[in-house]
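Letters go in sequence order (proteins before strands), and every chain restarts at 1.
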Protein chains: 2
Amino acid sequence: MENAPPPARRPVRADGRRNYDAILRVARESFQAKGSTASLEEIAAGAGVAVGTLYGHFATRESLIEATTRDGLTALLAHGERVAAGDDPLGALMDWTCEAVLFSSTFRGLAEVLAHGLRDEDSHWHAGCLAMERCGADLLRAAQDAGRVRGDLTPRELFNLISAAAWVREASPAAADDSGRLLELFVGGIARP
Amino acid sequence: MENAPPPARRPVRADGRRNYDAILRVARESFQAKGSTASLEEIAAGAGVAVGTLYGHFATRESLIEATTRDGLTALLAHGERVAAGDDPLGALMDWTCEAVLFSSTFRGLAEVLAHGLRDEDSHWHAGCLAMERCGADLLRAAQDAGRVRGDLTPRELFNLISAAAWVREASPAAADDSGRLLELFVGGIARP
DNA sequence: ACCTGAACACCGTTCAAGT
DNA sequence: ACCTGAACACCGTTCAAGT
């Protein structure tokens, strides 16, 4: 209930903001290069701060990961609202799903963190994951109401399909090259003629 | 070419076999409980041997994982041969695929190790992963020849679908409960009416 | 042929002391 | 309010010495 850790916030003092931003910038590069398990010590060193400073700003690895991908998630949700306004429910769902797969494979390990965040109520991610699930749920329902997608598919299952496709993308460079094909394989079966 | 590490083999000396077996037994329990990243020191301690003994028998974590799941893979391949003898190619493919998903989610992290082993030629796993892929390829081709599965699906893509479904099973207990439903979602789209 | 355990390296995490 | 870096714990991996 009350043991959910506080989300990372940008500090008010000038040196604090500088360090916060430097850590975020280096963290993005490190996660990109080495995945979600990249060394926090290396990130701190790369940002020119002591480890304690990193922990001061980001209490857990999850909160740092959350902060590095917050913008991406925001963009994804905005994209969802945009495509929802169109008049092709199936196209909108597929379009957004594709973007969601790309986002969820921003770096190696993110899909797992997302899947975990959706289940763990005490996670920094929980709210974000729920928002992402809900965004997909709205698009899914619209496509189902239009009779274009099998009606028994649940929002949670759509989330699972997305993170699974993202996981394959993370793990297999060859599959990542052809995202359209991957998407077709993973969610192609849910459409109705 | 020649830098592929040697597979773990059961020692000839009596005390060696005893330790080897003890390590394997504890490793199975540990992987089951904590996933593929379980502490090797704890496994060694649990087996009543020094860490060096564990490394003496299993040069890498991968080789230990391989040894703990070798029987399961063998059983899966045998199951493939068995179902291939029937006269329902689509049923055989689905049956085997379901077993493959169960095997690939024996413990948390195995799906990732398998996906990695298939790509890395120097892995302990490479031969095993190839055998698994080939087993699926034979069943897939039969189902395709019978016109029951879309013809453009490749063996590699089937492997990816299997490990992705296994990954979801590993990550989400709820999904793991209803394997039939999961399988339907992941490979239901490949069948032809 | 196999075992032991100390030794080294690396990393996560905390915290008292500082500014 | 924020920073520092030493301190502790834990783990992976190697290897000289032993039987």
Side-chain angles (χ1 to χ4, degrees), chain A residues 3 5-27 29-31 33-68 108-109 113 116 122-124, chain B residues 3 5-27 29-31 33-68 108-109 113 116 122-124:
Chain A
N3 56 344
R9 257 180 309 154
R10 203 149 175 273
V12 290
R13 234 172 64 178
D15 57 342
R17 272 207 305 270
R18 212 170 23 237
N19 288 337
Y20 181 94
D21 292 340
I23 292 168
L24 263 187
R25 184 167 37 77
V26 176
E29 293 168 11
S30 288
F31 290 148
K34 319 206 178 187
S36 61
T37 59
S39 161
L40 297 184
E41 276 192 343
E42 260 183 44
I43 292 174
V49 302
V51 240
T53 303
L54 189 150
Y55 278 92
H57 289 300
F58 308 97
T60 66
R61 177 182 294 272
E62 257 199 338
S63 81
L64 179 56
I65 293 177
E66 191 271 337
T68 61
R108 221 155 13 95
V113 176
H116 181 258
D122 293 337
S123 163
H124 287 287
Chain B
N3 56 344
R9 257 181 309 155
R10 202 149 176 273
V12 290
R13 234 169 68 176
D15 57 344
R17 274 208 304 271
R18 210 169 26 236
N19 288 337
Y20 181 95
D21 292 341
I23 292 168
L24 221 44
R25 183 167 37 77
V26 177
E29 292 167 12
S30 289
F31 289 148
K34 319 207 178 186
S36 62
T37 58
S39 161
L40 297 183
E41 276 191 341
E42 259 184 45
I43 292 174
V49 301
V51 238
T53 303
L54 187 150
Y55 278 92
H57 289 302
F58 308 98
T60 67
R61 178 182 292 272
E62 259 201 335
S63 82
L64 178 56
I65 294 177
E66 191 271 337
T68 59
R108 222 156 12 95
V113 176
H116 181 259
D122 293 337
S123 160
H124 287 290

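- Heavy atoms of Val51(B) sit under 4.0 angstrom from at least one base atom.
- A straight line from CD of Glu62(A) to C1' of dT13(C) spans 16 Å, rounded to a whole angstrom.
- With rounding to whole Å, Asp15(B) atom CG is found 10 Å from dT19(D) atom C1'.
- Nucleotide dA7(C) is matched to dT13(D) when pairs are restricted to Watson-Crick or G-U wobble geometry with both distances under 3.5 angstrom.
- When distances run from any side-chain atom of Tyr55(B) to the nucleotides dC3(C), dT13(C), dT14(D), the shortest one goes to dT14(D).
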May I have the step-by-step check of side-chain contact (heavy atoms from CB on, under 4.5 Å) for His57(B) and Thr53(B), ending in yes or no?
CA-CA 6 Å; His57(B) 289 302; Thr53(B) 303; 4.0 Å; yes
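- Distance Leu40(B) CG to dT13(D) C1': 10 Å, rounded to the nearest Å.
- Ile23(B) and Ile43(B) get closest at one heavy-atom pair: O-CG2, 3.9 Å.
- Across the interface with DNA chain D, nearest-nucleotide mapping of Asn19(A) and Ala38(B) shows Asn19(A) to be the residue nearer the 5′ end.
- Separating the CD atom of Glu41(A) from the P atom of dA6(D) is a distance of 12 Å, rounded to the nearest angstrom.
- Residue-level contact check: Ser39(A) touches the backbone only, with heavy atoms under 4.0 Å from sugar-phosphate atoms and none from bases.
- DNA chain D is contacted by both Arg13(B) and Gly52(B); Gly52(B) maps to the nucleotide lying nearer its 5′ end (nearest heavy atom per residue).
- When each of Arg61(A) and His57(B) is assigned the nucleotide of DNA chain C with its nearest heavy atom, His57(B) is the one assigned upstream, toward the 5' end.
- The partner of dG18(D), taking Watson-Crick or G-U wobble pairs whose two distances both stay under 3.5 Å, is dC2(C).
- Atom NZ in Lys34(A) sits about 12 Å away from atom P in dC10(C), given to the nearest Å.
- Distance, Ile23(B) CD1 to dC2(C) C1': 11 Å, rounded to whole Å.
- With dG12(C), dA1(C), dT4(D) as the candidates, the nucleotide lying closest to the side chain of Val12(B) is dA1(C).
- When all heavy atoms are compared, the tightest approach of Asp15(B) to Arg13(B) is OD2-NH2, 2.9 Å.
- Taking every side-chain heavy atom of Thr53(B) into account, dT4(C) is the closest of dA1(D), dG12(C), dT4(C).
- Rounded to whole Å, the distance from OH on Tyr20(B) to P on dA1(C) is 17 Å.
- Residues Val113(A) and Glu66(A) fail the side-chain proximity criterion, which asks for heavy atoms closer than 4.5 Å.
- Whole-Å rounding puts the Phe58(A) CZ to dC3(D) C1' distance at 15 Å.
- Contact detail for Leu40(B) and Arg61(B): the closest heavy-atom pair is CG-NH2, 3.6 Å.
- Which of dG5(D), dG12(D), dC3(D) sits closest to the side chain of Ala50(A) comes down to dG5(D).
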